[in-house]
Amino acid sequence: MHAGMCRGPFNIENPYVARMNSIKQKERYENRVAIDDAEIERRVEAGYYFIENPVLPRPTKYFDTDLETSIKRMREGERVYQKLPQTDCGCCGAPTCMAFVEDLVRGEASLNDCIFFSGRERGL
Ligand code: SF4
């Protein structure tokens, strides 16, 4: 995998971690792996690299079933988001700070899950 491929909305790993892993793997395996183009072509024709089952979207999670409560939570999330470092580092387990905030307002995460967060310093 090329380091330039570690971007986009469908990342399954934090882009910074993926980029570093990619660089390390390149250093480790670059001269060890002999690539047999004919074998790869044979595998492509045999369907080896294709997904057998469809990839289905996960159902959307709402902030709340009540619209007024949902809007309140969304606004609270926006307020908290402004206080976060917005680095999208992924250390909290969420792929982005916005995803973390969404988990937070649903009660599925704690402010303490953000390694950069300090409630007193940030005035929350
Ligand atoms: S740990 Fe904090 S800064 Fe990093 S992605 Fe999570 S919320 Fe954002």
Side-chain angles (χ1 to χ4, degrees):
M1 176 169 45
H2 185 268
M5 294 169 63
C6 302
R7 299 178 184 187
F10 297 111
N11 276 341
I12 56 171
E13 175 142 47
N14 176 283
Y16 301 105
V17 173
R19 185 172 299 124
M20 184 52 67
N21 286 342
S22 176
I23 290 168
K24 283 182 181 173
Q25 286 185 4
K26 184 176 181 232
E27 289 170 0
R28 181 179 293 167
Y29 298 113
E30 189 171 38
N31 298 322
R32 289 195 209 168
V33 179
I35 297 173
D36 181 355
D37 290 340
E39 174 63 13
I40 291 172
E41 272 185 40
R42 189 192 64 71
R43 286 183 179 185
V44 168
E45 287 171 14
Y48 180 82
Y49 297 111
F50 297 105
I51 298 172
E52 293 174 10
N53 299 314
V55 178
L56 302 173
R58 283 180 289 182
T60 303
K61 290 181 176 178
Y62 298 100
F63 293 131
D64 198 279
T65 51
D66 175 56
L67 182 61
E68 189 177 335
T69 307
S70 190
I71 290 171
K72 277 183 190 169
R73 288 185 177 179
M74 192 173 72
R75 289 191 177 138
E76 171 65 10
E78 288 167 358
R79 190 180 72 80
V80 171
Y81 180 75
Q82 295 305 318
K83 306 282 184 182
L84 292 173
Q86 301 174 17
T87 57
D88 298 339
C89 70
C91 292
C92 58
T96 64
C97 293
M98 186 53 78
F100 169 74
V101 165
E102 290 173 7
D103 290 345
L104 185 72
V105 296
R106 277 191 214 100
E108 297 172 1
S110 161
L111 277 173
N112 293 328
D113 294 341
C114 173
I115 62 166
F116 298 104
F117 179 77
S118 168
R120 250 183 276 142
E121 289 174 15
R122 296 196 180 272
L124 293 174

Study note, to complete from the structure: In terms of heavy-atom contacts, R73 and F63 come closest through NH1-O, 2.7 Å
Review point. Which atom pair, heavy atoms only, marks the closest approach of R106 to Y62?
Key: NE-O, 3.4 Å
Check your understanding: Do you know the tightest heavy-atom contact between D103 and A94?
Key -> OD2-CB, 4.3 Å
Exercise for review: Decide salt bridge (Lys or Arg N to Asp or Glu O under 4.0 Å) for R75 and E78; before the verdict, give the C-alpha distance in whole Å, the side-chain angles of both, and the deciding distance to 0.1 Å.
Suggested key: CA-CA 5 Å; R75 289 191 177 138; E78 288 167 358; 5.6 Å; no
Exercise for review: Tell me, please, which residues at least two apart from T87 pass side-chain hydrogen bond (donor to acceptor under 3.5 Å, both in side chains).
Suggested key: none
Exercise for review: Any chance you could measure D64, atom CG, to M74, atom CE, to the nearest 0.5 Å?
Suggested key: 12.5 Å
Check your understanding: Taking C-beta and beyond as the side chain, do C89 and Y16 meet within less than 4.5 Å on heavy atoms?
Key -> no
Exercise for review: Kindly say whether G93 contributes a backbone atom to a donor-acceptor pair with the side chain of D113 at under 3.5 angstrom?
Suggested key: no
Exercise for review: Assess whether salt bridge (Lys or Arg N to Asp or Glu O under 4.0 Å) is satisfied between E102 and K61, documenting all intermediate values.
Suggested key: CA-CA 9 Å; E102 290 173 7; K61 290 181 176 178; over 6 Å; no
**Study point:** L84 versus F100, closest heavy-atom pair with distance
**Key:** CD1-CD2, 3.9 Å
Point to revise | From L104 atom CG to L111 atom CG, the distance as rounded to the nearest 0.5 Å | key: 4.5 Å
Check your understanding: Taking the hydrophobic residues Ile, Leu, Val, Met, Phe, Trp and Tyr, and joining any pair whose side-chain heavy atoms are under 4.5 Å apart, which ones share a cluster with L67?
Key -> I71
Exercise for review: Any chance you could pull the hydrophobic cluster mates of M20, using side-chain heavy atoms under 4.5 angstrom and chaining through other members?
Suggested key: none
**Study point:** N53 side, atom CG; I51 side, atom CD1 - distance, nearest 0.5 Å
**Key:** 9.0 Å
Point to revise | Least distance between heavy atoms, P85 atom then C114 atom | key: CD-SG, 4.4 Å
Point to revise | Candidate pair E45 and R42, rule salt bridge (Lys or Arg N to Asp or Glu O under 4.0 Å), full reasoning | key: CA-CA 5 Å; E45 287 171 14; R42 189 192 64 71; over 6 Å; no
Exercise for review: Report yes if the side chains of Y49 and V44 come closer than 4.5 Å at any heavy-atom pair, otherwise no.
Suggested key: yes
Point to revise | Inter-residue atom distance D88.CG - T96.OG1, 0.5 Å rounding | key: 5.0 Å
**Study point:** Shortest non-hydrogen contact between Q82 and Q86, atoms and distance
**Key:** CA-NE2, 3.6 Å
Point to revise | Salt bridge flag under 4.0 Å for residues E39 and R43 | key: yes
Review point. In this structure, are over 12 heavy atoms from other groups packed under 6.0 Å from I115 atom CD1?
Key: yes
